[in-house]
Amino acid sequence: MRTIVHTGATPDAPLAIERSVLDVPDVQLILRGRCQTPAEVLAAVQDADVALCFGEPYTEAVFAGAPRLLAVVRYGIGVDTIDLEAATRHGVMAVNFPDFCIREVANHALALLLTCARRIMQHDRTIRNEGWAATRRYRSQVGTIHDETLGLIAFGHIAQALAVRARSMEMRLLAYDPFVDDKVFEQYGVERANSLTELAAASDYVSCHLPLSPQTRGMIDRSFFEAMKPTAFFINTSRGAVVVERDLVAALQAGELAGAGLDVFETEPIAPDHPLCAMDSVVLTPHCASFADRTFDALYRRVGTAALTIARGGVPEFVANREVLSHRRR
């Protein structure tokens, strides 16, 4: 009997799709409740063969204290809450789904861009509360979108999908990513920026797609915002912690950029009294860029299938720390 433990779901969560996959005689699924700390995670998985998680902390102590653990299966793309080096040392696979929600997040980033550029929220609120005539104050500094420049911070799959969408709107495309080959830039018709400062200075809209890692945490700071055009907008659908949030607030207050569209934040959920919530020039969504009913249903099934594959001794399609495969636990 293999034991699969979920460390992010409440004990009464239905998990109907995952259960439909894992309803086999040699597997049991246990829901330990929402674990917040490494100690709680360890207590939940110390006798588990496979762990399922949303964003719980999987640290060195967890992997050292759970000798049966074969893998951690993370719902979605990001593995920033899993210590990949520690997992690899202990022979534990970190499983994710890097092809999940690419188009959904690209669509959401585009929606935030358009909402900011066309002042949609301001017009909506004003016409409801003050009337038609009052909306005239938002008819200045409105860009055309076509022939304007979209700067992409990182040029992975989601940014590439956004580039396709932006090109259909006749935008100029610029990206900063020293790890992506020139041929990929050429394939998408995207110019390469040689630095973040160059990208900030040239862009009318900046869309951030950085993964969160020790290297990228706080990468987008006051110096970046100071380099942006005062008419430009900053969009973030990646991870909140890649941005120094207090610097973004200060830049917006100083008029160093025109506004922002944000789906992610340093601390989630964002507090109602956060300065960003009081800014008319900022569009906020609750870390929902990846969501679509059909997409999530497919993800739940893939999570269950990956867990079952691991429980039966196999290797799933995607392993974030592939170097572990030569010495993985069995």
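Below, all heavy atoms of this structure are taken into account, side chains as well, without hydrogens, waters or symmetry copies.
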Within residues 64-85 or reaching into it, pairs that qualify as ring-ring contact (aromatic ring centres under 6.0 Å, His included) - sequence neighbours excluded:
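Qualifying pairs, neighbours excluded: His6-Tyr75, Phe54-Tyr75.
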Looking at residues at least two apart in the chain, or sitting in another chain, which of them share a side chain to side chain contact (heavy atoms under 4.5 Å, CB included) with [X]?
X      : value
Glu198 : Ala193, Asn194, Ser195
Gln187 : none
Glu323 : Thr88, Asn321
Ala44  : Val5, Thr7, Arg32, Cys35

Would you find a donor on one side and an acceptor on the other, under 3.5 Å apart, between the side chain of [X] and the backbone of [Y]?
X      : Y      : answer
Asn107 : Arg103 : yes
Arg239 : Leu212 : no
Arg329 : His90  : yes
Ser20  : Ile17  : yes
Glu56  : Gly8   : yes
Glu60  : Asp83  : no
Glu186 : Lys183 : no
Asp263 : Cys288 : yes

Where is the tightest heavy-atom contact between [X] and [Y], given as atom of each residue plus distance?
X      : Y      : answer
Pro275 : Val249 : CB-CG1, 3.9 Å
Phe265 : Ile270 : CD2-CD1, 3.7 Å
Ala163 : Leu173 : O-CD1, 3.5 Å
Ala260 : Phe233 : N-CD2, 4.1 Å

To the nearest 0.5 Å, how far apart are CE in Met121 and CG in Leu284?
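Rounded to the nearest 0.5 Å, the CE-CG separation comes out at 8.5 Å.
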By salt bridge (charged side-chain N to carboxylate O under 4.0 Å, His left out) - contacts of Asp182 (at least two apart)
Arg192
Which hydrophobic side chains are connected to Tyr138, either touching it within the sub-4.5 Å cutoff or through other members that do?
none
Less than 4.0 Å between a side-chain N and a carboxylate O, is that true for [Y] and [X]?
X      : Y      : result
Arg302 : Asp99  : yes
Arg128 : Asp124 : yes
Asp80  : Arg217 : no

Side-chain donor/acceptor pairs under 3.5 Å, residues 112-120, sequence neighbours excluded:
unit_1: Thr115; atom_1: OG1; unit_2: Ala111; atom_2: O; d: 2.7
unit_1: Arg119; atom_1: NH2; unit_2: Gln141; atom_2: O; d: 3.2

For a 4.5 angstrom cut-off between non-hydrogen side-chain atoms, does [X] reach [Y]?
X      : Y      : value
Asp177 : Leu152 : no
Val92  : Val324 : no
Glu191 : Phe185 : no

Which residue pairs satisfy the side chain to side chain donor-acceptor pair (under 3.5 Å) criterion with at least one member in residues 240-258, sequence neighbours excluded?
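The answer is Arg222-Glu256, Glu245-His274.
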Could you walk me through whether Thr3 and Gln28 pass the side-chain hydrogen bond (donor to acceptor under 3.5 Å, both in side chains) check?
CA-CA 5 Å; Thr3 299; Gln28 60 175 340; 2.9 Å; yes
Listed partners of Phe97 passing ring-ring contact (aromatic ring centres under 6.0 Å, His included), at least two apart:
none
Taking ring-ring contact (aromatic ring centres under 6.0 Å, His included) as the test, write out the residues that go with Phe291, two or more places apart.
Phe296
Ignoring hydrogens and angles, write down the donor-acceptor pairs under 3.5 Å from the side chains of residues 223-232, residues two or more places apart or on other chains.
unit_1: Ser223; atom_1: OG; unit_2: Asp221; atom_2: OD1; d: 2.6
unit_1: Lys229; atom_1: NZ; unit_2: Asp204; atom_2: OD1; d: 2.9

